[in-house]
Amino acid sequence: MRTFRLIETALLAILVCVNFIACSSDTPEPEKNEEGVVTNQKKLVEIIIPEEETIQKEYFYDDEGRLTKATHRDGSTYIYYWDTNTIIEDTRLWQETFSLKNNLIISSKEIWNSSSWEDSSVFNYDAKGLLQSIDYYYNTEFRESCKIVWEGDKIIQIGDTKLTYSGKTCKGYLPILIWYFDESCSLFEAHPELIGVRTNQLPDEDFYSYSSTSEYYDEIIGEVCKVQDIRESKTKFAYTFDDDGYVKSCTRTEIDTDITIYSFKDLNGDGVITDDERNVENLNNNVGSNTRIFKWE
């Protein structure tokens with residue numbers, strides 16, 4: 001009996017090793033060409049909105065795997081020209097130039113054709129080449145900075161939005177992570193490696209909270225009322241995958257809650273703010289969902 005158990009254990013160990021090797025070979029590290037473009041994984045070619053039965057975006061590449069054109073459902077077309085350490089995005093309305101160093105975009109400058117208005121951004125990285133922040137300038141004036149926080153190979157915060165994980169992964173990456181800091185850049189959606197955010201980690205949820213306070217004088221009560229407005233937004237993610245393990249669809253269920261808290265001072269002086277002196281009103285609690293379908297080739 002002990003002999004059979006030893007044989008069974010040995011066979012199990014072999015199977016574990018074989019499976020481990022198979023999984024490892026199924027998920028190779030991204031290989032990049034001289035321009036920093038990943039060449040050993042599928043390319044994003046479509047994003048579809050099933051609710052509207054339309055293709056939101058289509059992506060086209062050259063023989064070297066570089067994005068050359070993206071078309072949007074509104075009829076706009078983005079053309080991309082690649083040169084040494086620069087990529088130019090050209091549209092009917094504006095032209096944006098991306099400057100690269102060590103295969104990472106370090107800055108961008110956008111000039112509108114109809115005016116002298118100029119927008120620009122600066123991209124900041126850590127020693128590993130992971131994006132840490134983006135500084136935005138509108139017409140040369142600094143406006144805001146979006147910070148990206150990492151935990152290992154997971155992005156756990158983008159700006160004020162926090163993301164949580166449970167270990168889900170995919171082949172390639174999740175394109176809509178780009179939308180947290182840029183809602184329209186097809187170049188980043190196709191080549192997130194150029195801004196150091198290509199990751200195969202899939203978030204389960206995101207959470208955003210915003211609070212502001214103000215006060216006003218209540219004529220009826222004759223007291224100053226402090227008002228706190230709180231907005232909370234939570235999004236849950238659900239995924240399906242194609243036969244190769246790339247994200248085929250991502251359904252986002254959003255729960256938005258708006259709360260207003262009115263508080264007056266302790267009117268009767270007993271040290272307790274009662275229900276008559278404090279009113280919490282839930283103004284809005286909406287739930288909605290949307291799905292995006294991705295096609296890879």
Side-chain angles (χ1 to χ4, degrees), residues 29-30 32 35-38 44 67 70 78 80 82 84-89 94-112 117-165 169-170 172-212 231-235 237 247 250 252 254:
E29 288 294 321
K32 300 179 181 180
E35 294 174 307
V37 172
V38 172
L44 177 68
L67 182 69
Y78 297 69
Y80 295 91
W82 295 66
T84 303
N85 293 328
T86 59
I87 303 171
I88 296 176
E89 176 187 82
W94 73 81
Q95 186 177 91
E96 186 165 5
T97 300
F98 301 92
S99 300
L100 294 87
K101 182 178 180 180
N102 298 325
N103 294 330
L104 290 172
I105 293 174
I106 58 173
S107 64
S108 68
K109 183 180 293 186
E110 180 182 291
I111 300 176
W112 288 76
W117 189 270
E118 177 182 302
D119 296 338
S120 60
S121 302
V122 175
F123 300 77
N124 306 292
Y125 304 88
D126 66 6
K128 296 180 180 179
L130 300 178
L131 184 65
Q132 300 296 295
S133 65
I134 306 174
D135 298 327
Y136 299 99
Y137 297 84
Y138 294 157
N139 203 25
T140 71
E141 294 292 330
F142 175 78
R143 177 171 179 180
E144 60 184 341
S145 180
C146 176
K147 293 185 178 180
I148 292 87
V149 180
W150 295 76
E151 185 178 88
D153 54 358
K154 302 180 183 69
I155 300 175
I156 61 172
Q157 186 167 342
I158 304 176
D160 295 324
T161 301
K162 298 180 180 179
L163 301 103
T164 58
Y165 298 79
T169 61
C170 65
Y173 58 95
L174 180 63
I176 61 176
L177 279 179
I178 299 297
W179 298 352
Y180 284 90
F181 51 83
D182 196 309
E183 297 180 354
S184 63
C185 187
S186 300
L187 179 66
F188 298 165
E189 293 166 350
H191 299 298
E193 62 272 19
L194 296 180
I195 54 170
V197 294
R198 190 180 182 112
T199 172
N200 68 344
Q201 304 294 317
L202 298 175
D204 291 311
E205 292 183 356
D206 73 25
F207 179 78
Y208 168 84
S209 179
Y210 171 78
S211 176
S212 64
R231 180 180 182 185
E232 296 180 349
S233 177
K234 177 183 289 187
T235 303
F237 299 86
V247 176
C250 176
R252 303 168 68 252
E254 301 175 2

Does the side chain of [Y] come within less than 4.5 Å of [X]'s, by heavy atoms?
| X | Y | value |
| --- | --- | --- |
| W82 | V37 | yes |
| I111 | E118 | yes |
| Y136 | D119 | no |

Taking all heavy atoms of [X] and all of [Y], pick out the closest pair and write down the distance.
| X | Y | answer |
| --- | --- | --- |
| G159 | C146 | N-SG, 3.8 Å |
| D135 | F142 | CB-CE1, 4.0 Å |
| G196 | Y125 | N-CE2, 4.1 Å |
| D126 | L130 | OD1-N, 2.8 Å |
| L194 | G36 | CD2-O, 3.9 Å |
| I176 | F237 | CD1-CE2, 4.3 Å |

Please work out whether the ring planes of F181 and F188 are parallel, tilted or perpendicular, with thresholds of 30° and 60°. tilted
Ignoring hydrogens and geometry, is there a side-chain-to-backbone donor-acceptor pair from Y210 to S233 under 3.5 Å? no
Hey, is the main chain of L67 close enough, under 3.5 Å, to the side chain of H191 for a donor-acceptor pair? yes
Hey, could you give me each pair passing salt bridge (Lys or Arg N to Asp or Glu O under 4.0 Å) that has a residue in residues 185-208? Not counting sequence neighbours. K57-E189, K168-D204, E193-R198
First locate atom [atom1] of [X], then atom [atom2] of [Y], and finally report the distance between them rounded to the nearest 0.5 Å.
| X | Y | atom1 | atom2 | value |
| --- | --- | --- | --- | --- |
| W179 | L174 | CH2 | CG | 9.0 Å |
| E232 | S211 | CD | OG | 9.5 Å |
| L187 | D182 | CG | CG | 9.5 Å |
| F123 | I195 | CZ | CD1 | 6.0 Å |
| L100 | I87 | CG | CD1 | 5.0 Å |
| Y78 | C185 | OH | SG | 9.0 Å |

Say whether N200 and T169, considering side chains only, have a donor N or O and an acceptor N or O under 3.5 Å apart. no
Any side-chain donor-acceptor pair under 3.5 Å between E89 and Y80? yes
Selection residues 96-106 - residue pairs positive for side-chain hydrogen bond (donor to acceptor under 3.5 Å, both in side chains), sequence neighbours left out: E96-S108
Taking side-chain hydrogen bond (donor to acceptor under 3.5 Å, both in side chains) as the cut-off, I'd like each qualifying pair that reaches into residues 147-160, sequence neighbours left out, listed once. D153-Q201
Side chain to side chain contact (heavy atoms under 4.5 Å, CB included) between V122 and Y137: does it pass, once the steps are laid out? CA-CA 8 Å; V122 175; Y137 297 84; 4.0 Å; yes
Begin with the C-alpha distance, continue with both residues' side-chain angles, and end with the deciding distance and a verdict on side chain to side chain contact (heavy atoms under 4.5 Å, CB included) for L177 and L163. CA-CA 10 Å; L177 279 179; L163 301 103; 4.1 Å; yes
Intermediate values then yes/no, side chain to side chain contact (heavy atoms under 4.5 Å, CB included), T161 and T235: CA-CA 10 Å; T161 301; T235 303; over 6 Å; no
For side chain to side chain contact (heavy atoms under 4.5 Å, CB included), just list the numbers for Y180 and V197, CA-CA rounded to whole Å, side-chain angles, deciding distance to a tenth of an Å, and then say yes or no. CA-CA 12 Å; Y180 284 90; V197 294; over 6 Å; no
